[in-house]
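The structure appears right after this line, and notes come after that.
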Amino acid sequence: ELKVEQNPLFLSMQEGKNYTIYCNYSTTSDRLYWYRQDPGKSLESLFVLLSNGAVKQEGRLMASLDTKARLSTLHITAAVHDLSATYFCAVDMSTGNQFYFGTGTSLTVIP
Amino acid sequence: DAGITQSPRHKVTETGTPVTLRCHQTENHRYMYWYRQDPGHGLRLIHYSYGVKDTDKGEVSDGYSVSRSKTEDFLLTLESATSSQTSVYFCAISSTSYGYTFGSGTRLTVV
């Protein structure tokens, strides 16, 4: 059975601190995506990672993909309150062009 | 999001009544999807379509049907709504390069 696991599920961190969210998946894939969701809103695309070793950065967020380890990370640098949201990873299994989502990481940045 | 709209945004319905949710895209994408989002479960695929009149089941398809008579429209029908179908429903279109683009969501409450 395909599994996409994120950890932690809940993360409370202080402003200015660094932290990493992990996304593990159980089968081969070269494509992984990160999304952000604010409360009551839709999902917004953050990063598209399309090959092993891919690294993307936007502001205080950096995502990477290791397809051999079946692992992606979302690193937060010097967190600010505006980063508070739920973050999802999604894996493209190339079966019917379907993406499989992790259960999400709810991030709260405390002043 | 630009290019994909869902209607209605909110709906309250009674148990046992039929409900249809609509997704409309202006991007001419081949693939369209219906997901539901529930606390603790992330996003789960209900049905997807890979072309006009071409649809397939997802992970949680029981109690739902879909139709796609035009490229731009993908309808999700709950034939006889139940309380367990209270959820937030998202429509999405996809591309390998960009991942998913989500609609704004429909919040459905079955009472």
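In what follows, every chain begins at residue 1, and chains take the letters A, B, ... in the order their sequences are listed.
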Aromatic ring proximity, centroids under 6.0 angstrom, B:Tyr100 and A:Phe99: yes

Nearest-0.5 Å distance, OG1 of residue B:Thr101 to CD of residue A:Glu44: 11.0 Å

Which atoms of B:Leu45 approach chain A - backbone, side chain, both or neither, heavy atom under 4.5 Å: side chain

Interatomic spacing from CD in B:Glu59 to OH in A:Tyr100 - rounded to 0.5 Å: 8.0 Å

Check: A:Ser42 side chain, B:Gly105 main-chain N or O, donor-acceptor pair, under 3.5 Å: no

Hydrophobic cluster membership, B:Leu75 vs B:Tyr31, 4.5 Å side-chain cutoff: no

ILVMFWY cluster, A:Val80 and A:Leu61 together (side-chain gap under 4.5 Å): yes

A:Trp34 reachable from A:Leu11 in the ILVMFWY side-chain graph, under 4.5 Å edges: yes

Contacting region of A:Gln37 [heavy-atom separation from chain B under 4.5 Å]: side chain

More than 12 heavy atoms from other groups under 6.0 Å of CE on A:Met13: yes

Atom CZ of B:Arg22 with >12 non-hydrogen neighbours under 6.0 angstrom: yes

